Amino acid sequence: MLKKYNSKLLQHSIDHFSKNRIDTCLKRHLSKGTDVFQLLQANIDSSHNEPFPREAKVVVCGGGVMGAAVAYHLAELGWGKHTIVVEQGRAGCATTWQSSGLVGIFKPTRAQVKLCQSSVKLYQKLDAEGYYSGWKQCGSLCVARTLDRMTVFRRMKAQSVALRVDCELVSPEEAKRLCPLLNVDDLKGGLWIPGDGVGDPYRICLSLLEAAKKKGVRVFEYCGVQQVVQEGGRVTGVETSLGSVQCQAFVNCGGFWARSIGKLSEPFVKVPLHAVEHYYLHTKKIPGLDPMTPVVRDQDGHIYFRERDGCLQAGGFEPVAKPAYEDGRLPRSPVERVLPEDWDHFHVLLQELLLRVPMLENAVLNKLCNGPEAFSPDCKWILGEASEIQNYYVAAGMKTVGISAAGGVGQATAERIVNGFTSYDMYELDVSRFLGLHNNRKFLRDRAREVPGLHYGLQYPFTEFKTGRNIRMSPIYPKLMDAGAVFNQVMGYERPAWFDPSFGGEKPAAGEAPYRIAHTNTFGKPDWFDFVDKEYAACREKVALLDYSSFTKIDLWSKGREVVDSLQYLCSNDVDVPVGSIIHTGMQNERGGYENDCSLARLSENHYMMIAPTIQQTRCKVWIQRHLPTDGTVAMSDVTSMYTAICIMGPFTKSLLSQLIDTDLSPSNFPFFTFKELDIGLANGIRAMNLTHTGELGYVLYIPNEFALHVYLKLIEAGEKYGIQHAGHYAMRALRIERYFAFWGQDLDTMTTPLECGRSWRVKFDKGPFIGRDALLRQKEEGVRRMFIQLLLDDHDSDLDLWTWGGEPIYRDGKYVGSTTTTGYGFTFKKQVCLGFVQNLDDNGEPQIVTNDFILGGHYEVDIAGTRFSAKVNLHSPNLPTKYPDQERDAYFATREKMGTEPILRSSKNIG
């Protein structure tokens, strides 16, 4: 029996690869018929008879399914004759040939879902045109062993209306009818997705290349890239083993080689990937096996299986993965790419497979494959233009689901190359989300053990990684830890999520990490609720201290007015404000969407400090740099790591800070949304800003790192009589949600415009040209087709009901109109608060103009995992009641129709 490792299956496990490692992929497909071999020989090998070109517009590196998809879509856009594909071996014979072939549409985010839907349409189109993709719409069945997994499925079912994915919740008995192979005794239910299916990755790859070749694309096998050449920060050519070619763009579709390919340029291009061992178990033919057996995913058991040519193919994502090629040396030959079987490591998956599919005990094993699959450090795909070199594109890190992604990713990549933008909003997958630390090989090796297990893991809200911690820390980190900080991590930076004072100074137990990682292991009321409640109250009614050090901080300056002129072009708001002012502004793209959302403090006539979201540290620098004058007249410096940022928040912050400085803090001398350089205690050169990014009273102090601990201790000492309390990111998040503040990467993105989120008053059309101005003027004239709103849930019991965590469908008068973006508990409202976008959809689902009357004239509901809760809608920032009302705080609104609606704005140009 398999359980004892001596069944018929194991008796037939004898070295399929050890005997047949040479040209494995060709042999596999020859067994299916000579048509594939002839296709490969006639259409791919023919490229060897062509001279290697000296010129091309695009060089695609990688002849797997991803490179093939990019080449195909470039050809579809008319660039076929200007595109070449180079592959170091045979096309489709890297990891493509051994893939599972699963095509699942439901992914964690809307962008990934749309990309996968495009892939399915492409494979259906290939089949209709006479090519062969192996596409089979057999459906997929996800099963749940736990109630929390069923909650995930209910949330997915609720979200399916927004994603346009057909799916149904099923009982264990219905799951058994859909797949009779299953043991359902321990199941709670499942999710049936009839539109899912499988494909043949190898044949899809060859079909895409064949179609691309017919439109002029040339494919060169056994052609390795040796160097990617750049000049002036742009790709200018590629040196290969077959010669050099001048080109305008390079696409790295190198699979698990992508990181190494990134090192073939100067400067290196970061492609943070690490390969892990990934197993596929193949049986011999099973009599009577239905060819339309659905793909089954048992995420709680970390496993999946599918029917393949009358056999079963099974695999999984074990909780602790085994990194491959830990020494950093990657194989090139087909023999080296096949990793040895490790039945001991596969045992954890085997046991779960036997539990779920008992008949496997009597099946006969064909082989156990062990091949490398690449994962990124955050378990997401890696796409987009590299930050280091313009026109260098990446499409890699598909974590075993390459054919699910390939069609959409290929289209999006080709669109960016040809048009400069894509119809897909992919900021969350963009390669610019990484820093250099993420490309560290030892970091990647450690993270690679953890990441694959998350692919099928139960994803609770605010999931945190356990590996790769304590890399970036502010100088006050030890003090925060002593105060009971429980940390979350963003861009490698340790940031307090909340504080549990009972942890302060406590030594960890044997084997425990010396720090505490945030967790939210529920979809209902979290364990940290009471802690955040007290921190929130301190922010609003006393004094709280928060660590903002992770925020992106960039200085920009020039000798003359060049920096002012450059920022005026980059920003949609007017940045030419008096010295000492702070302006809040978007940086729009040509379509009016947000590339960045930031605050700019004018330190002197020709010197600004920019504060941007933490996740923008790489991304916004690249955007700004590529739009600055090329003559070097404007300088830019990332000073994120030079300053510790401490925010003191609450009605008594002015009194507290006054005890430590000699500067007058009255509104007439230091009004809201202004900057001053202060001495605090014995420290100097502290950049103080009168804002908190939450609408609450307070200051953010940007302190040179060498003074950070001194200033922190002074603040704590002086704050004792005011009851100063530490507060974490979750309290700040709750404040900004109640205040109706939109954040980039959570509410704002590259497709969202200021007019759609109530920020038209921050767009100064009359100041002169700026990026996105024409698009925004058109939208202003035509009207917006979606609008940012705030919803307060009624009749929701926060102690008993499931919470909103983002992505919930919004209904108006019973009709779906949008989805939530950021959500949370409003500690002042005592209700769940949701931010999100709504549309006015016609009977065909097409968005029409949205007006204030439309928004305010309907009855709203929010669907939480299948239960709809009535909600009150807000279009403007609410006034929150407080024991300590303050004109400055109450006057500042995040969203408003006209600048004149706010008294303080009429009297001061300085407010952003």
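All of these numbers come straight from a predicted model, not from anything done at the bench.
- A distance of 8.0 Å separates OG1 of Thr109 from CG of Leu115, quoted to the nearest 0.5 Å.
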Check against side-chain contact (heavy atoms from CB on, under 4.5 Å), Met610 and Ile624: CA-CA 11 Å; Met610 184 186 80; Ile624 294 169; 3.7 Å; yes
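- Residues Leu339 and Gly371 share a closest heavy-atom pair of CD1-C, 4.1 Å.
- Remark: Arg619 is not positioned above the aromatic ring of Tyr427, lacking an NZ or CZ atom under 6.0 angstrom from the ring centre and at most 45 degrees off the axis.
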Would you check, one step at a time, whether the test salt bridge (charged side-chain N to carboxylate O under 4.0 Å, His left out) holds for Glu494 with Arg469? CA-CA 8 Å; Glu494 298 294 341; Arg469 302 302 295 245; 2.8 Å; yes
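- For the pair Arg441 (side chain) and Glu326 (backbone), a donor-acceptor distance under 3.5 Å is present.
- Smallest separation of non-hydrogen atoms from Gly92 and Tyr202: O-CD1, 3.4 Å.
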With side-chain contact (heavy atoms from CB on, under 4.5 Å) as the criterion, how do Leu458 and Arg149 come out once you've worked through the C-alpha distance, each side chain's angles and the decisive distance to 0.1 Å? CA-CA 7 Å; Leu458 191 54; Arg149 181 69 69 178; 3.8 Å; yes
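- In this structure, OH on Tyr304 lies 5.5 Å from CG on Leu102, to the nearest 0.5 angstrom.
- The shortest distance between side-chain heavy atoms of Tyr393 and Ile417 falls below 4.5 Å.
- Summarising the geometry, atom CZ belonging to Arg306 is positioned 11.0 Å from atom CZ belonging to Arg297; distances are rounded to the nearest 0.5 Å.
- Formation of a donor-acceptor pair under 3.5 Å by the Thr552 side chain with backbone atoms of Pro613 is found in this model.
- At distances below 3.5 Å, not a single donor-acceptor pair connects side-chain atoms of Thr750 with backbone N or O atoms of Asp425.
- Atom OG1 of Thr640 sits about 5.0 Å away from atom NZ of Lys553, to the nearest 0.5 Å.
- Side chains of Thr467 and Arg447: a donor on one and an acceptor on the other come within 3.5 Å.
- The list of side-chain hydrogen bond (donor to acceptor under 3.5 Å, both in side chains) pairs with a residue in residues 263-272, not counting sequence neighbours, reads Lys270-Glu388.
- In terms of heavy-atom proximity, Thr644 sits nearest to Pro475 at OG1-CD, 2.9 Å.
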Please step through salt bridge (charged side-chain N to carboxylate O under 4.0 Å, His left out) for the pair Arg495 and Asp547, ending with a clear verdict. CA-CA 7 Å; Arg495 177 178 66 180; Asp547 185 3; over 6 Å; no
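- At least one donor-acceptor pair closer than 3.5 Å links the side chain of Glu450 to the backbone N or O of Lys466.
- Counting heavy atoms from C-beta outward, Val152 and Leu191 have side chains that stay 4.5 Å or more apart.
- The aromatic rings of Trp803 and Phe529 sit perpendicular, their planes meeting at an angle over 60°, well past the 30° parallel limit.
- Looking only at distances, a side-chain donor or acceptor of Gln489 sits under 3.5 Å from a matching main-chain atom of Gly468.
- Taking the six-membered ring for Trp, Tyr325 and His274 have ring centres at least 6.0 Å apart.
- A heavy-atom distance below 4.5 Å is not found between the side chains of Ser119 and Ser404.
- Side-chain atoms of Gln411 and Tyr424 include a donor-acceptor pair closer than 3.5 Å.
- The backbone N or O of Val622 lies less than 3.5 Å from no partner atom in the side chain of Ser387, so there is not a single donor-acceptor pair.
- Checking Trp498, Phe499, Tyr493, Tyr477 one by one against Phe487, the ring-ring contact (aromatic ring centres under 6.0 Å, His included) holds for a single residue, Tyr477.
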Between Ile382 and Leu273, is the side-chain contact (heavy atoms from CB on, under 4.5 Å) condition met? List the steps. CA-CA 9 Å; Ile382 302 180; Leu273 292 170; 3.6 Å; yes
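- Two residues are said to be in side-chain contact when any heavy atoms from C-beta on lie closer than 4.5 Å; Ile193 and Val165 meet this criterion.
- With sequence neighbours left out, Leu437 forms a side-chain contact (heavy atoms from CB on, under 4.5 Å) with Leu435, Ile471, Arg472.
- A cation-pi geometry, defined here as NZ or CZ lying under 6.0 Å from the six-membered ring centre and within 45° of its normal, holds between Arg516 and Phe503.
- Annotation for Pro331 and Trp257: closest pair O-NE1, 2.8 Å, computed over non-hydrogen atoms.
- For the pair Gln390/Glu385, a side-chain contact is recorded, criterion being any heavy-atom separation below 4.5 Å from C-beta on.
- Taking the six-membered ring wherever Trp is involved, the centroid distance between the rings of Phe531 and Tyr730 does not fall below 6.0 Å.
- Note: Phe375 and Phe317 have perpendicular aromatic rings, judged against thresholds of 30 and 60 degrees for the angle between ring planes.
- Residues Thr146 and Asp148 have side chains that never bring a donor and an acceptor to within less than 3.5 angstrom of each other.
- Looking at Thr522, its side chain does come within 3.5 Å of a backbone N or O of Gly524 through a donor-acceptor pair.
- Listed for the Arg416 side chain is no donor-acceptor partner under 3.5 Å among the backbone atoms of Thr413.
- Taking both residues in full, the closest heavy atoms of Ala708 and Ile646 are given as O-CD1, 4.5 Å, listed atom of the first, atom of the second, then distance.
- Atom CZ of residue Arg356 and atom CZ of residue Phe305 lie 9.0 Å apart, to the nearest 0.5 angstrom.
- Atom CD of Glu277 is separated from atom CD of Glu373 by 12.0 Å, given to the nearest 0.5 angstrom.
- One N or O on the side chain of Gln459 and one on the backbone of Leu454 form a donor-acceptor pair closer than 3.5 Å.
- The minimum heavy-atom distance between Cys620 and Gln617, with the atom names listed, is SG-O, 4.4 Å.
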Walk me through it: do Gln230 and Tyr392 pass the test side-chain contact (heavy atoms from CB on, under 4.5 Å)? CA-CA 9 Å; Gln230 65 88 21; Tyr392 186 123; over 6 Å; no
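- Outside the 6.0 Å centre-distance limit, the rings of Trp805 and Tyr460 are not counted as a close aromatic pair.
- Inspection of the His302 and Glu352 side chains reveals no N or O donor paired with an N or O acceptor under 3.5 Å.
- Under a cutoff of 6.0 Å and an axis angle of 45°, Arg736 and Phe743 form a cation-pi pair.
- Contact of the Asp378 side chain with the His438 side chain is not registered, since no non-hydrogen atoms from C-beta on lie closer than 4.5 Å.
- In this structure, Asn370 contributes its side chain and Pro340 its backbone to a donor-acceptor pair below 3.5 Å.
- Considering only heavy atoms from C-beta on, Pro272 stays 4.5 Å or farther from Arg259 through its side chain.
- Counting heavy atoms from C-beta outward, Asn252 and Val269 have side chains that stay 4.5 Å or more apart.
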